[in-house]
Number of protein chains: 4
Amino acid sequence: MTDRRDFIKQTGLLSLAGVIGANQIAMAESPNKVYAPKSSTWADGSRLVVSATMLFEAGGQPDNAPSPFPPNMKPGYKDLPATTWYEYGYKEGIPRMLDRWDKLGIKVTTHMVGSAVLRNPALAKEIVDRGHEASGHGMTWKDEYDMSYEEEKKFIKDGLDAIKKVTGQTAVGYNANFLRRSENTLKILQELGCIYHIDDLSRDEPFVIKVNDKDFAVVPYTIRNNDLGMIELRNFSPDQYITQVKMEFDQLYEESATRRRQLSLTFHDRVSGTPQMVKAATELIRYMQKHSGVVFKRKDEIARMTLKDPTSLRE
Amino acid sequence: MTDRRDFIKQTGLLSLAGVIGANQIAMAESPNKVYAPKSSTWADGSRLVVSATMLFEAGGQPDNAPSPFPPNMKPGYKDLPATTWYEYGYKEGIPRMLDRWDKLGIKVTTHMVGSAVLRNPALAKEIVDRGHEASGHGMTWKDEYDMSYEEEKKFIKDGLDAIKKVTGQTAVGYNANFLRRSENTLKILQELGCIYHIDDLSRDEPFVIKVNDKDFAVVPYTIRNNDLGMIELRNFSPDQYITQVKMEFDQLYEESATRRRQLSLTFHDRVSGTPQMVKAATELIRYMQKHSGVVFKRKDEIARMTLKDPTSLRE
Amino acid sequence: MTDRRDFIKQTGLLSLAGVIGANQIAMAESPNKVYAPKSSTWADGSRLVVSATMLFEAGGQPDNAPSPFPPNMKPGYKDLPATTWYEYGYKEGIPRMLDRWDKLGIKVTTHMVGSAVLRNPALAKEIVDRGHEASGHGMTWKDEYDMSYEEEKKFIKDGLDAIKKVTGQTAVGYNANFLRRSENTLKILQELGCIYHIDDLSRDEPFVIKVNDKDFAVVPYTIRNNDLGMIELRNFSPDQYITQVKMEFDQLYEESATRRRQLSLTFHDRVSGTPQMVKAATELIRYMQKHSGVVFKRKDEIARMTLKDPTSLRE
Amino acid sequence: MTDRRDFIKQTGLLSLAGVIGANQIAMAESPNKVYAPKSSTWADGSRLVVSATMLFEAGGQPDNAPSPFPPNMKPGYKDLPATTWYEYGYKEGIPRMLDRWDKLGIKVTTHMVGSAVLRNPALAKEIVDRGHEASGHGMTWKDEYDMSYEEEKKFIKDGLDAIKKVTGQTAVGYNANFLRRSENTLKILQELGCIYHIDDLSRDEPFVIKVNDKDFAVVPYTIRNNDLGMIELRNFSPDQYITQVKMEFDQLYEESATRRRQLSLTFHDRVSGTPQMVKAATELIRYMQKHSGVVFKRKDEIARMTLKDPTSLRE
């Protein structure tokens, strides 16, 4: 059976662009960039890199933030049970997950909301001291897409500063609230010394883009493995989540025989910190760890490896 | 592998608070309270306490209360089939569950709406006479978060009085409608002689707080095991409910080897009283009962044990 | 272990009602009626009666009736693909189900919308000629709860007349659109010669009520087994539907050892007439048929058996 | 047991129509057309034809088109992460599916949005060059039901022209956006040289209708197998999708012993192009391919076979 990449070479598709008027394809890119990786493995020889994110958001949420309770309260009152739902994130959730990551022998990336870090500094510091990456997630829970350049720069910087002050670690990556960055976000991140962001769903492997004329890494998000999206928004049960992520992994692992692949997992403090979800994560991670060529990495490690590697995808 | 509690001691995280300005951490608490239980088991030597709640609400619902039928009726008409959906709760649901609890050998807590108790007094009395706990749940189906102190105090007291008059039992606990208590609720409960409430999702074990300068027990709610939330709001099938609760139990049981843990189950009359859900509850409870160190307790028993125990968590 | 019915006798709960003021329990009925069946089996000696309903509605729906397509069309246009979704009900759905009922050896009740009967008369007649019951379901798809007595009487009568004219059968039962009957419906049905209705979810066995001072049978609806509610409104997959209904059956069958029980199944033409749902129904019905003491009956048979039986529940 | 078709002949239902007034049955058709196929197999001797559609839409979507992200953005801003969700469709999704179709040895129909084709011409051409069918899907993502005749004709023709120009293939079939064609669509398609459309859910086999007094094929859509509807709108997990489609297939295969049957599968670039869904499709297609008498065909092949076959259903 003819392989897809061979096929492209044989039929000379690269010359096709001339068929279409230039204005019609202003946004088009050559899809060939995608299909022709220069190396079938990662720089470190692995086939499939899995990266787990543990969100540290609880405690920093605004009053009456979304919760499993119906959003039908009269204005001016505090949603007391919803507040305790968030408290669970730092009282039970993150501690439970931290112990579990140790048992499983993995290091994760923690996107930390600045206000949550200041609310529970000891916990934030413990995360870093146990070997996990602290990464940016804004100063508070706030959309960035509609901020001015100055407002957004201060917002991102305040969050990074809080992380630095409390944990001692300089964050080099970023995740915007609900992924909704503005047109300025990447420029700001580059200016603040960050080397990667994750708010992109377009590929199953990292790639390099130019920001301010310098290389910047995109470590993509696998939204299909996002706990909040699946459990809270789609009403999945944990066993559906397990089965779905296993299927995702199985196919990527098969593909990784001939092409480097990446899978990301997202764990929110108050959602994946529950007993049932920690059990689900355990089953998934142990399943993945049984496959040769699979490694777990923090996102700063992935970004650095990608930026250094001349065979990385570049857009 | 270093245990999490050892780690905290080694790195002296307790001294970290000084890094952050006092005003910024006004709401912060030392997370260490959470991770350092003074005893790994409960006062009675058990590892994991399971507490089942059977809600007695049907019959006391307001006209045209939410039901599986679409909420699109013109005002001024009675939703007749929805009414029969509620009637099922006391005609089939609670009787079926009562027989089942006897077969399984467990005693449960019944949060009783006052108006439902007056509507079906013989059933309310039978619940108590068969050894189950009658606990408060308001006089009617009504939000409390926006009541005045006086209004709420009368509302709670009327419900407790109805229970006392009909069943002979003095209720000592409380569950607010949809958990949405007001800022005054705990103070009122303390004044009315109650010793615990359940409207808190923040932990997987009970803890003691100060209300009016006296000890008051919080027996937390496991919202992930709530039948109404899972079956009616998330559209789970009963087998999803079974699998989810088993996963929750498995992880808590594992943790209970080194730390006391609690799991609560919530059964509404018209939701969990159906044949399929009683079958689901049977499977779950029999599964849990096979594990050594697991005991089923009424919430008044849990509250008393927690209040007396000097090793209980205190906030 | 003490049986629930014995318990009631022992503790004399019947005398309890006096504790509560008469005005407070104006709506209350003695729950004992429910728990003390006079005979543990049905009049024909069976333990558990299963009754399947096949709705004949497609073709009679109003323009732009609800469908799987988003309800966002501008007014004044016809939803063409939605119309073909309904056509499936009579072109593929009912023919497929009819063949299946023959293979399974069961007779069902078909609630027929008058306008659907007139739209596809040959199919309506074939249903009856193959041994199934034609029962009322209104002249068109229309809410009855807000009709005047005269309007509703004509609406119901027109539907029954259409059935009679096309199929030759006199319908004796009724199901209102979305179960939402008016306060007059039962009175009207009694006047028109009907002997039962199904728009009641309160019990897992039929019972007799007085309408116009005459006996009238209520053959209850098991809304948990309704295909439209589960598949279209709750987004169940067919395997969830199978598992849920099996669990419902298992528990009712267990209970039927000591008390007559009923389970109803509801199949809409365009929903349960699909290949996947006919396969689901086949698996369910074959599973039920393997249990001794289980019989499948049309609802007119159930109504007649119940009305004649002096041990039937009466409210 | 009497077979359904024999039954119809025996009871002479064809003569029934006279019972009903002509005006009442103006829309009625003889259902017998449906149940009496003139041949039990397809013209090529197969029992069950499966037709897979791969939608090529990503890249051609309007700004801020629906995505898994909440639709709550202020107007005037671009939904950046949603855009990358669409990009996944052509960067990972279609390339992954194309490789998979080769491995499975099947050819599919690709309904191509004109603007998506112009955005990624090389990919569009590659699809056709690898043996798949290019079929119409409009010039952009736009409802057609409310277009004027002239507007719609230009809209459809522009899309077909883009396909022709980029891929060299003349499209002969059509799928309207969300299936919502106008009253003029079929007439326009016939005028533009198309021979079939798929926007009809009424049957599990193709049929011939008259458009502009000429034969035109309807190759029906199995909406129950639509990935977008199940995964994005009903929140199915991929294993639910697999189970549901297998059940659909099993029943149709059983029926195909005595009657030709068709099943369609729908794969959207950004939904079914994910690893988990390609794994699901692989499992389903391999399962189907194990059954004798099952063939996979492009929709143009199905249309041509149906139009030529004198035993095809005609409406």
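We name chains A, B, ... by the order of the sequence lines, and we start the count at 1 in each one. Predicted model only: the values in this text are computed from it and were never measured.
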Checklist entry - Judged by atom type as modelled, is there a donor-acceptor pair below 3.5 Å linking the side chain of A/Arg234 to the main-chain atoms of D/Ile231? => result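 Yes; at least one donor-acceptor contact below 3.5 Å.
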Checklist entry - Any donor and acceptor pair, going by atom type alone, linking the side chain of A/Ser202 with main-chain N or O of D/Thr84 inside 3.5 Å? => result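 Such a contact is absent between A/Ser202 side chain and D/Thr84 backbone.
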Checklist entry - Taking atom NZ of A/Lys246 as the centre, does the number of heavy atoms from other residues, nucleotides or ligands within less than 6.0 Å exceed 12? => result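 Counting neighbours around NZ of A/Lys246, more than 12 heavy atoms of other residues, nucleotides or ligands fall under 6.0 Å, so yes.
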Next on the checklist: So for atom NZ, which belongs to D/Lys142, do other residues, nucleotides or ligands contribute more than 12 heavy atoms lying within a distance under 6.0 Å?
Outcome noted: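 Not buried by this count: 12 neighbours or fewer within 6.0 Å.
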Item to check | Part of A/Ser182 lying under 4.5 Å from any heavy atom of chain D | outcome: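 Looking at A/Ser182, just its backbone touches chain D.
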Checklist entry - Under a 4.5 Å heavy-atom cut-off, does chain D meet the side chain of A/Leu233, its backbone, both or neither? => result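 For A/Leu233, the backbone is the part near chain D, not the side chain.
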Mind listing the closest non-hydrogen atom pair of [X] and [Y] along with its distance?
{"X": "D/Pro238", "Y": "A/Gln244", "result": "CD-OE1, 3.1 Å"}
{"X": "A/Phe236", "Y": "D/Asn235", "result": "CE1-O, 3.3 Å"}
{"X": "A/Arg203", "Y": "D/Tyr88", "result": "N-CD1, 3.9 Å"}

Item to check | Salt bridge present between A/Glu255 and D/Arg96 (N-O < 4.0 angstrom) | outcome: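 Salt bridge present between A/Glu255 and D/Arg96.
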Item to check | Side chain proximity check, A/Gln251 to D/Arg100, heavy atoms < 4.5 angstrom | outcome: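 Yes - at least one pair of side-chain heavy atoms lies under 4.5 Å apart.
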Would you mind checking which part of [X] comes under 4.5 Å of any heavy atom in chain A, side chain (CB onward), backbone (N, CA, C, O), both or neither?
{"X": "D/Tyr86", "result": "neither"}
{"X": "D/Ala280", "result": "both"}
{"X": "D/Met73", "result": "both"}

Checklist entry - Out of curiosity, D/Phe69 CZ to A/Leu179 CG, how far, rounded to the nearest 0.5 Å? => result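 Separation between the atoms: 4.5 Å.
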Item to check | Straight-line distance of A/Met147 CE to D/Tyr77 OH, nearest 0.5 Å | outcome: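 Those atoms lie 11.0 Å apart.
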Looking at [options], which one has more heavy-atom pairs under 4.5 Å with chain D than the rest?
{"options": "A/Glu248, A/Glu254, A/Arg181", "result": "A/Glu248"}
{"options": "A/Leu252, A/Asp250, A/Asp146, A/Thr243", "result": "A/Asp146"}
{"options": "A/Asp199, A/Asp204, A/Asp200", "result": "A/Asp204"}

Next on the checklist: With side chain to side chain contact (heavy atoms under 4.5 Å, CB included) as the criterion, how do A/Leu201 and D/Arg270 come out once you've worked through the C-alpha distance, each side chain's angles and the decisive distance to 0.1 Å?
Outcome noted: CA-CA 10 Å; A/Leu201 311 169; D/Arg270 66 235 176 250; over 6 Å; no
Item to check | Pair A/Glu315-D/Lys91, side chain to side chain contact (heavy atoms under 4.5 Å, CB included): steps then yes or no | outcome: CA-CA 12 Å; A/Glu315 284 202 344; D/Lys91 290 185 178 176; 2.7 Å; yes
Next on the checklist: What verdict does the side chain to side chain contact (heavy atoms under 4.5 Å, CB included) test give for A/Glu183 and D/Leu80, after you've listed the backbone C-alpha separation in whole Å, the side-chain angles of each residue and the deciding distance to 0.1 Å?
Outcome noted: CA-CA 8 Å; A/Glu183 307 273 1; D/Leu80 293 172; 4.3 Å; yes
Next on the checklist: Go through it in stages, so that I can follow the logic: the residues are D/Glu283 and A/Met247, the test is side chain to side chain contact (heavy atoms under 4.5 Å, CB included), and I'd like the CA-CA distance, side-chain angles, deciding distance and then a yes or no.
Outcome noted: CA-CA 11 Å; D/Glu283 183 173 333; A/Met247 289 177 67; 5.6 Å; no
Next on the checklist: Test side chain to side chain donor-acceptor pair (under 3.5 Å) on A/Tyr145 and D/Asp79; report intermediate values, then the result.
Outcome noted: CA-CA 8 Å; A/Tyr145 71 83; D/Asp79 193 346; over 6 Å; no
